[in-house]
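For ligands, and for the atoms within them, numbers begin at 1 and follow the listed sequence.
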Amino acid sequence: MVVLGSAQPDSAPPAAFPETQATVAARARMVREQIAARGVKDPRVLEAMGRVPRHEFLPPGRRFQAYEDGPVSIGEGQTMSQPYVVAFMSAALELKPADQVLEIGTGSGYQAAVLAELASQVFTIETVEALAWRAETDLKRLGYGRVKVRVGDGYQGWPEAAPFDAVIVTCAPEQVPEALVKQLKVGGRMIIPVGPQNGAQKLLLLRKHKAGLETKVVMPVRFVPMVKGG
Ligand code: SAH
């Protein structure tokens, strides 16, 4: 029944920001000029980055920045990573369609949507409740309802859903959290920025072998800190 003049209930999902020729073109250009040109070649990752409507994961006042070559503020003092960084980290995980992935730091949900294009199941943990709720709403609205979002402390990982083929951390702890290594399968990959809050952080790519952990330092980065006891 339609009641004229009634207010929208608070729980109504936000209306979709329309996809236009401009957003499609901006995204294709982002993939070409910011990502492929810098060396990310994995066709599945390029396709995923071309498909996920990045602007839909931003607050309305920030959408004009969606396809810029940098991080974008998502409120609560947090940011959505630069498109190149999202693509690079996704490619580093070498995801296969059947893989199960854990993300720490849901933020806007954008990275989780990209992962959902590449893997079978995505579990993502966010410490800020307001962000987790918004990301979950946006993911559902955009057809990524398969992504499971939890409010919690990423240092604990998600033991009930472990082990994972891949783990991606989008905030920087000072050291690699033990629980996350434990929850990685043998043969699994983890991409994680590690380092002090305002100092030099390094992006690490870890691979778990039967005999132990192989660590590669990939590049210098700057992420928001991974908060303790979140
Ligand atoms: N992947 C996000 C970017 C997130 S920024 C995106 O695509 O938009 C990093 C996020 O990590 C922030 O939202 C921050 O609140 C969250 N975070 C920080 N410490 C955390 C912790 N201990 N556990 C879970 N999330 C944490």
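Residue Leu131 touches ligand 1 through its side chain alone, judged by heavy-atom distances below 4.0 Å. Of the heavy atoms in Val224, only side-chain atoms (C-beta onward) come closer than 4.0 Å to ligand 1.
Of all the atoms in ligand 1, the ones that sit under 4.0 Å from a non-hydrogen atom of Ser108 are 6 (C), 7 (O), 8 (O). Heavy-atom proximity to Gln111, at under 4.0 Å, picks out these atoms of ligand 1: 1 (N), 7 (O). Of all atoms in ligand 1, numbered sequentially from 1 with element shown, those under 4.0 Å from a heavy atom of Val128 are 15 (O). Which parts of ligand 1 touch Pro225 is read off a 4.0 Å heavy-atom cut-off, strictly below it: atoms 18 (C), 19 (N). For ligand 1 and Thr79, the ligand atoms under 4.0 Å from any heavy atom of the residue are 3 (C), 4 (C), 5 (S). The Asp153 neighbourhood of ligand 1 comprises atoms 22 (N), 23 (N), with distances under 4.0 Å to a heavy atom of that residue. Near Met80, with a cut-off below 4.0 Å to any heavy atom, the atoms of ligand 1 are 8 (O). Atoms of ligand 1 lying under 4.0 Å from any heavy atom of Ile125, numbered from 1 in the order shown and given with element: 24 (C), 25 (N).
Any N or O atom pair closer than 3.5 Å counts here, and Gly105 shares at least one such pair with ligand 1. The distance criterion of under 3.5 Å between nitrogen or oxygen atoms is met by Gly154 with respect to ligand 1.
Note on ligand 1: Thr106 sits in its first shell, one or more heavy atoms being nearer than 4.0 Å. Between Gly152 and ligand 1 there is a heavy-atom distance shorter than 4.0 Å. Not a single heavy atom of Ala135 sits under 4.0 Å from any atom of ligand 1.
Among all heavy-atom pairs drawn from Ala166 and Leu95, the shortest one is CB-CD2, 3.6 Å. Scanning all heavy atoms of the two residues, the minimum distance from Gln34 to Tyr84 falls at O-CD1, 3.5 Å. Minimum heavy-atom separation, Val52 to Tyr144: CG2-OH, 3.5 Å. For Asp69 against Arg38, the heavy-atom pair with the smallest separation is OD2-NH2, 2.6 Å. The two residues Met89 and Val169 have their closest heavy-atom pair at CE-O, 3.4 Å.
A side-chain donor-acceptor contact under 3.5 Å links Gln111 and Ser90.
Placement of Val221 and Val218 within a single hydrophobic cluster is found when ILVMFWY residues are connected by side-chain heavy-atom separations under 4.5 Å, directly or transitively. Residues Val224 and Ile192 are members of separate hydrophobic clusters, defined by side-chain heavy-atom contacts under 4.5 angstrom among Ile, Leu, Val, Met, Phe, Trp and Tyr.
The 12-atom threshold is not exceeded at CZ of Arg29, counting heavy atoms of other residues, nucleotides or ligands nearer than 6.0 Å.
Counting heavy atoms from C-beta outward, Ser73 and Gln65 have side chains that stay 4.5 Å or more apart.
The option with the heavy atom closest to atom 16 (C) of ligand 1, from among Glu103, Arg54, Glu126, is Glu126.
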